Amino acid sequence: MLSLQVITDPVYVKPARPSYFERFIRDPKDVPFVHLSIQITLVLGITAVLLYMPFVDGWLWGVVAAVYLFFNNFVFKGPFGLMLHCTSHRAFFKKEYGFMNHYLPWVLSPLFGQTPETYFSHHIGMHHAENNMEEDESSTMPFQRDSLRGFGHYLGVFFFAGVFNLAVYFYKRNRKRLMYRSVRGELLFYALCVGLSFVNWQATLVVFIIPFVISRIIMMMGNWAQHGFIDAKDPSNHYKNSITCINTKYNHKCWNDGYHISHHVKPNMHWTEHPVYFRSTLQEYIDNEAIVFDGIHFLHVFAWLVTRRYDKLARHFVNIGDRFQSDEEVIAFLKERTRKIVPELQVA
């Protein structure tokens, strides 16, 4: 176990001089998003185009493909995915430049295998509305969450039927616009991949299809970890169906995404405000027996959860409120929170 340490995750520090880009965006704290968007456009945009050029072939094509996949999956994927997340909750550009809000979901997202507007529809229109409960199509509750087989089932359902289930969800709730946006984005992405495969199938595989497969897997791994520990007696409680990861490099790279509890408590809170909010509302975490980890992020949690390395999880568990006396108590507590939940097991 760990005691609560000084929070080192990023907060907003007003620069000495305002950025040129502030005139275009709604919140000056989002200037780093502009910088990241430009970097992605230049690096991935140029290498993606080169992969389709007939004069780039042989060993040179292989080098460009390797560069593209490295920057896509190891440099930009996390920061972009969470930038898309933040800008789905809070509009990026000012009203007079509103057309630029389509740039991330329609231009850059496909490079990461994110089909246009399906992320917004799923995350804002369904996941936050249903809060990982039974009607949430990405709910982790029906699965044994410390089981690799359970995750395989969960991933398979999402990968092969996710958009269909999402469309059915919106149809039943008469939210036709979100249904249309999610299905349209998915089908147009598939059509793009099919069409470009006739031009150059190898380039299409590298630029779009491989990132698509990786993104779907990573997103479900993240959601599995974020909602891997749930109190069956109070599964709709944000503090008891999610976790928080503090003091990790991941929060610096991915816009404080580790603060998943406070994100569900206040979905529109700016990413720079979460560390301060966590400290100021610590008693809520204590009162609700919230799970907080220090020094690790969601992929650590996922890997140790499905391999049942509760000893490693306990080593990074923050004992807020001094609730536990030993790692053995922590392990028992965590194991209880990973049990499959069916409606009849819930206690009102």
Side-chain angles (χ1 to χ4, degrees), residues 1-13 29-30 32 77-79 81-83 85-86 89-90 128 131-132 140 145-146 218-219 221-231 237-305 309-327 329-331 333-334 337-338:
M1 292 182 297
L2 297 172
S3 58
L4 184 60
Q5 305 296 316
V6 173
I7 304 295
T8 60
D9 296 319
V11 295
Y12 179 67
V13 178
K29 296 192 290 293
D30 288 334
K77 186 176 292 295
L82 278 308
M83 174 173 65
H85 172 242
C86 291
H89 281 280
R90 298 166 57 94
H128 273 279
N131 188 35
N132 201 57
T140 58
R145 293 176 298 282
D146 63 356
I218 293 294
M219 285 192 295
M221 290 169 64
N223 200 67
W224 184 268
Q226 289 163 349
H227 298 285
F229 303 93
I230 306 171
D231 185 350
N237 185 324
H238 298 308
Y239 295 90
K240 297 183 178 184
N241 71 6
S242 186
I243 65 173
T244 289
C245 294
I246 63 173
N247 294 338
T248 168
K249 291 181 180 178
Y250 172 76
N251 284 338
H252 290 263
K253 186 176 181 179
C254 295
W255 326 111
N256 281 328
D257 185 52
Y259 290 84
H260 205 68
I261 291 175
S262 52
H263 173 62
H264 271 269
V265 172
K266 290 183 175 293
N268 292 324
M269 186 189 303
H270 194 269
W271 64 271
T272 59
E273 298 172 6
H274 285 281
V276 174
Y277 182 83
F278 170 75
R279 271 292 190 181
S280 66
T281 60
L282 183 60
Q283 192 59 48
E284 293 292 322
Y285 288 76
I286 295 171
D287 293 343
N288 286 282
E289 298 184 316
I291 293 175
V292 179
F293 295 108
D294 187 312
I296 60 175
H297 57 72
F298 297 131
L299 293 185
H300 293 107
V301 175
F302 171 82
W304 295 341
L305 186 57
R309 291 302 307 268
Y310 285 99
D311 57 323
K312 291 190 174 184
L313 290 168
R315 198 175 304 160
H316 291 271
F317 182 89
V318 182
N319 191 20
I320 55 173
D322 296 323
R323 293 174 287 162
F324 302 98
Q325 302 303 313
S326 67
D327 281 4
E329 289 185 13
V330 172
I331 290 171
F333 169 71
L334 294 177
R337 289 281 182 97
T338 62

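Keep in mind the model is a prediction, meaning the values are calculated, not measured.
- For K29, the NZ atom counts as densely surrounded, since its 6.0 Å shell holds more than 12 non-hydrogen atoms of other residues, nucleotides or ligands.
- The heavy-atom pair separating G78 from C254 by the smallest distance is C-SG, 3.5 Å.
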### Task
Check the pair L4 / F278 against side chain to side chain contact (heavy atoms under 4.5 Å, CB included), numbers first and verdict last.
CA-CA 12 Å; L4 184 60; F278 170 75; 4.0 Å; yes
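- Minimum interatomic distance between V318 and S3 (heavy atoms only, all atoms of both residues): CG1-C, 4.0 Å.
- Under a 3.5 Å cut-off, the side chain of E329 and the backbone N or O of Q325 do form a donor-acceptor pair.
- Using a 4.5 Å heavy-atom threshold, the side chains of P275 and I246 count as separate.
- Minimum heavy-atom separation, T248 to G295: CB-C, 4.2 Å.
- Side-chain contact annotation: N247 with D294, donor-acceptor N/O pair under 3.5 Å present.
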Side-chain donor/acceptor pairs under 3.5 Å, residues 284-292, sequence neighbours excluded:
from, atom 1, to, atom 2, distance (Å)
D287, OD1, Q283, NE2, 2.8
N288, OD1, N237, ND2, 2.9
N288, ND2, E284, O, 2.8

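- Using a 4.5 Å heavy-atom threshold, the side chains of H297 and D257 count as separate.
- Under the salt bridge (Lys or Arg N to Asp or Glu O under 4.0 Å) criterion, R323 pairs with no residue, sequence neighbours left out.
- Within the 3.5 Å criterion, the main-chain N or O of M1 finds a donor-acceptor partner in the side chain of D327.
- Residues that satisfy the side-chain contact (heavy atoms from CB on, under 4.5 Å) test with K312, not counting sequence neighbours, are W304, R309, R315.
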### Message
As a quick check of understanding, evaluate side chain to side chain contact (heavy atoms under 4.5 Å, CB included) for L82 and Y250, giving each step before the final call.
### Response
CA-CA 11 Å; L82 278 308; Y250 172 76; 3.8 Å; yes
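- Taking 4.5 Å as the limit, some side-chain heavy atom of W224 sits within range of a side-chain heavy atom of L305.
- For the pair H260 (side chain) and I243 (backbone), a donor-acceptor distance under 3.5 Å is absent.
- M221 and L299 get closest at one heavy-atom pair: CE-CD2, 3.8 Å.
- Of the inter-residue distances, the one linking I296 atom CD1 with F302 atom CZ reads 14.0 Å to the nearest 0.5 angstrom.
- Looking only at distances, no side-chain donor or acceptor of N268 sits under 3.5 Å from a matching main-chain atom of R90.
- With N251 contributing its side chain and C245 its backbone, the two residues share a donor-acceptor pair below 3.5 Å.
- One N or O on the side chain of W255 and one on the backbone of P79 form a donor-acceptor pair closer than 3.5 Å.
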### Message
Please determine whether side chain to side chain contact (heavy atoms under 4.5 Å, CB included) holds for the pair H270 and D30, giving the CA-CA distance in whole Å, both sets of side-chain angles, and the decisive distance to 0.1 Å.
### Response
CA-CA 9 Å; H270 194 269; D30 288 334; 2.8 Å; yes
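- Between the side chains of T281 and Y239, not a single donor N or O lies within less than 3.5 Å of an accepting N or O.
- Rounding to the nearest 0.5 angstrom, the gap separating the OG1 atom in T272 from the CE atom in M269 is 10.0 Å.
- Across every non-hydrogen atom of N241 and H227, the tightest pair is O-ND1, 2.7 Å.
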### Query
Hey, mind stepping through T140 and N132 against side-chain hydrogen bond (donor to acceptor under 3.5 Å, both in side chains) and telling me if it holds?
CA-CA 7 Å; T140 58; N132 201 57; 3.2 Å; yes
### Message
Evaluate F317 against F324 for ring-ring contact (aromatic ring centres under 6.0 Å, His included), listing each step before the verdict.
### Response
CA-CA 10 Å; F317 182 89; F324 302 98; 5.6 Å; yes
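- The salt bridge (Lys or Arg N to Asp or Glu O under 4.0 Å) search around D231 returns K240, not counting sequence neighbours.
- Under the salt bridge (Lys or Arg N to Asp or Glu O under 4.0 Å) criterion, D146 pairs with R308, sequence neighbours left out.
- How far CZ of F298 is from CZ of F293: 10.0 Å, rounded to the nearest 0.5 Å.
- Considering only residues two or more places apart in sequence or on other chains, H128 meets the ring pair (Phe, Tyr, Trp, His ring centres under 6.0 Å) condition with H89, H123, H263, H264.
- Annotation for T244 and Y259: closest pair CG2-CD2, 3.9 Å, computed over non-hydrogen atoms.
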### Query
What's the verdict on side chain to side chain contact (heavy atoms under 4.5 Å, CB included) for F229 and T338, showing C-alpha distance, side-chain angles and the deciding distance?
CA-CA 5 Å; F229 303 93; T338 62; 3.6 Å; yes
